[in-house]
Structures are given as structure tokens and as C-alpha cells.
There are 2 protein chains.
Amino acid sequence: MSAISERRERERAHRHQLIITAARELAETEGWEAVTTRRLADRVEYSQPVLYSHFNGKDAIVSAVALDGFGELATHLRRARQAAPGPAHALRAVCRAYLDFATERPALYQAMFILPTELTFASAETPAPLRACFDEFVSCFPPANERRELFAEVLWGALHGIAVLSESGRIPPAGQEERIDLLVTRFADSPASPGTP
Amino acid sequence: MSAISERRERERAHRHQLIITAARELAETEGWEAVTTRRLADRVEYSQPVLYSHFNGKDAIVSAVALDGFGELATHLRRARQAAPGPAHALRAVCRAYLDFATERPALYQAMFILPTELTFASAETPAPLRACFDEFVSCFPPANERRELFAEVLWGALHGIAVLSESGRIPPAGQEERIDLLVTRFADSPASPGTP
DNA sequence: GCAGGATGTCTAGCGTTGCTAGAATTCGCT
DNA sequence: AGCGAATTCTAGCAACGCTAGACATCCTGC
């Protein structure tokens, strides 16, 4: 149970990641409806049952892809926020970065926010990347605002709504910039945050 | 081709609606994943192929349910708006009504906004009920606001995002009222709408 | 009243899906 | 070399959306 099983475990971990990236690539090129366990097994050059020795089922694979996506989204948002010339522009930068992410990686975004997921949100065992994403939204508002979390929730919801409605053609795909404009001007913190009476 | 075929056509139309309501009931009690063509055919006491003589496929049935949903949502929103004590309260009333609708009829809401649909949004041949829903949001803003439509789009997006994120547990289901509060205060029209320079 | 034809409905089945039991194989160890 | 265990594959299940072709039903014209 030494070097030999260590190597096996390493190989196993490698294959684990291989499955995830294969699923993601397949989804990004042909959409999630093309990601079947058979095609995925083909892609990783193993038979179907090995997928089930790594994941509890297809949903777990999708969730694993989604988790990677949250990690990437978190760094994407942080970079945008930190590159902004000042806190006043941070909000806009993060909003734009979020919508960019959603439109440029639609499959990944679907895995994160639309497909059934096994990830636990807003709870004690919420994975760090999810929390990091949320924190990026929180950081768009000054610490003086006692309701930053609420602001972050609503802003996130608004961005998600805009992203998904435009992606599915329920609102015109054009005009995203104006929507960001409106959202930003509406959410830019007022001088004194309206406190609860 | 007279009374006899008229009756047949009547019966056919009746069965058409029967399928739609059966699909909706099944979805509302057991969720859309339980709505299979076999179970639906069982429910309406016909064999599977008759479904396909009425609809092009399962998606078309879902879309028909969604269309009914849009009709109901439009009247729901209009009632709320008109019952509000004044235009200042209309915005809040409509927002609340929208989120109520989403949480009280989750299956219907899914058919309208989440499941793949054949309905055409934001186009020339957009069905009237969809347009009516959108118009309700537009009516929340004074005609003096030259960008009412943009406001409506973003508000709708925000509400949709909040609805779907909380429904799927991605933000805590509690605290909806505070989110409405924030959204309303942020979107309540400023005295002079910030015009484009 | 009764054959003929059109209309409508059902039975049966195709290909695919997610998932799994049990056979077969491989591989390290003594 | 051969045993034992871990791993991988073959084969198959039940359910899915959808459809072709057999079957029944009903109106029409004689």
C-alpha cells in the first residue's frame, strides 16, 4: 500500500479531472444535451461504468463542472473589480464582467445556474468558490453599507435575470450595455445608505 | 362538412385543451420531470400518438402550458397594479405580485421561463399574452420616462433572477420582502429621469 | 340497408437515455 | 507460477420521445 497505490490514486485523480474537462468541452462545443454518459465515456476512452465509480451520476458530473466554473467566475470578477480605476467604477466593471462571462461561456453558465445541481448554496457547507463569487458582489458596495449582502443578492439576481433572459431570447440580446448602465446607476450607493427606520 | 364535422372539431378542440390542463396539473403536482408522454397520454385516456396529432412534440405542449401561464400572469399583474392605491405603490405591488406568482406556481413559472420553449419573445409574432406581461412592467413607469421599456426589461430581469435563484436555493428563500423593498426604492423613478446627454 | 372510402386511433416498436449487475480481465504480491 | 483482489467491461434494464403501419370507426353514395 505504498508507491504503487499512490500511483494508482494519482492516476485516478487524473482521470477524475479528465472526465470533468471532457464533459465541459463537450458541453461547450455541442451543448449539454449532447453530453450523454455514453458519449462522455467514449471521449475519455473508458466504458460507462467508470464514470459511476467517480461520480454518483450525471448530475454530479455537471455539478463538478459548475464548481470549476464558480472558481473561474470568482477570479474573473475579482480581476475586473481590482482593475477598475476606483470603487466608483468597480460596480460597473463587475457587472460587465459577469455578463461577459455568461455570454462567452454559456454552457458553463448553464451548469452553474440553470441545470439541476448538487451544489449547496447559502449554507454552512457552501464550497469556497461559490462564496468567493458572492463576496465579489458584496465587495462592490462600501463596508459602511450595513446591507451590503442584501445589495449583493439583488444585484446578482438582476444580473442573472438579464443574462438568462437575453440568452434565451426572452429579451433582445442587444442593448446589454444600456441595461448595465441602468443597473449601475440604480445600485450605485447613495451618499448615505437608506437605513432602516 | 357541416354539423357533423363541426362537432368533431369541437371535440378536438376540447381534447386539445384537456391535454394542456392535464400536462399542467401533472407538472404542478409532481414536477415537469414526471410529465412524460406516456403518463400524459394515460391521464387524458388516449394513446401516445394522439398527443402528436395535436402538438409537434413535448416542447410544444410545454409551450402551450406556458402560454396559458403568460395570460394568467398578465391579469395577475394588472390586477395588482390597478388595486394599488396610487402610481407610487404600483411598482411595489407588481413586483410583489410577480414573485408571488413565481413561488405559488413554480411549475407554471418553469414552463414560462426555464424550460426550452417554442414561444417567440420580443419579436413581431410575439403572442399577445407575452406582450401584455411586458406591458404591465412598462406601465409601472410614468410615460414621461423615455426609457420605460429599458426600465421594464431590467426590472423584469431582476425579478426573474431573484425568483429563480431563490427557488433553486441559490439565495436564501427568506427575505424576499427586503429584496422587493430594495428593488422598488432603487427603481422608483427619480423626479427627472436621467436623460441621455 | 349496405359496401367503400376516408378519418381517426391504437398497438408495437425504434433508437436513445441514465444507470447497474455480474462476468471477465488485469495486476500486484507471495 | 499462481493466487487474490481490485478494476474494467460486456450486456442489459426500465424509461424516454417519437413514429410507422395495422386496426377500427364512422360518414357517404348507392
Between B:Phe151 and A:Arg186, does the side chain to side chain contact (heavy atoms under 4.5 Å, CB included) criterion hold? Intermediate values first, please.
CA-CA 10 Å; B:Phe151 272 64; A:Arg186 291 285 142 175; 3.6 Å; yes
Between A:Arg38 and A:Thr36, do the side chains contain an N or O donor and an N or O acceptor separated by less than 3.5 Å?
no
Any A:Thr37 side-chain N or O less than 4.0 Å from OP1/OP2 of C:dC19
no
Full working for ring pair (Phe, Tyr, Trp, His ring centres under 6.0 Å) between B:His16 and B:Phe55
CA-CA 9 Å; B:His16 189 91; B:Phe55 301 94; 4.5 Å; yes
Going by the angle between their ring planes, with limits at 30° and 60°, are A:Phe121 and A:Phe70 parallel, tilted or perpendicular?
perpendicular
In residues 47-68 of chain A, which residues come under 4.0 Å of DNA chain D by heavy atom?
A:Ser47, A:Pro49, A:Val50
I would like to know whether A:Gln48 and A:Thr37 meet side chain to side chain donor-acceptor pair (under 3.5 Å); could you show each step before the answer?
CA-CA 6 Å; A:Gln48 275 182 286; A:Thr37 57; 2.7 Å; yes
Both A:Tyr46 and A:Arg38 contact DNA chain D. Taking the nearest nucleotide for each, which residue is further toward the 5' end?
A:Tyr46
Apply side chain to side chain contact (heavy atoms under 4.5 Å, CB included) to the pair B:Leu108 and B:Phe101, showing each step before the final yes or no.
CA-CA 9 Å; B:Leu108 198 54; B:Phe101 184 89; 3.8 Å; yes
Rounded to the nearest Å, what distance is computed from the CG atom of residue A:Asp42 to the P atom of nucleotide D:dC9?
11 Å
Strand contacts (DNA chain D) in residues 12-26 of chain A, 4.0 angstrom heavy-atom criterion
A:Arg15
Find the distance B:Glu11:CD to D:dT25:P and express it as a whole number of Å.
16 Å
B:Glu30: what forms a side-chain hydrogen bond (donor to acceptor under 3.5 Å, both in side chains) with it, not counting sequence neighbours?
B:Arg39
Relative to the ring of B:His160, is the ring of B:Phe113 parallel (under 30°), tilted (30 to 60°) or perpendicular (over 60°)?
tilted
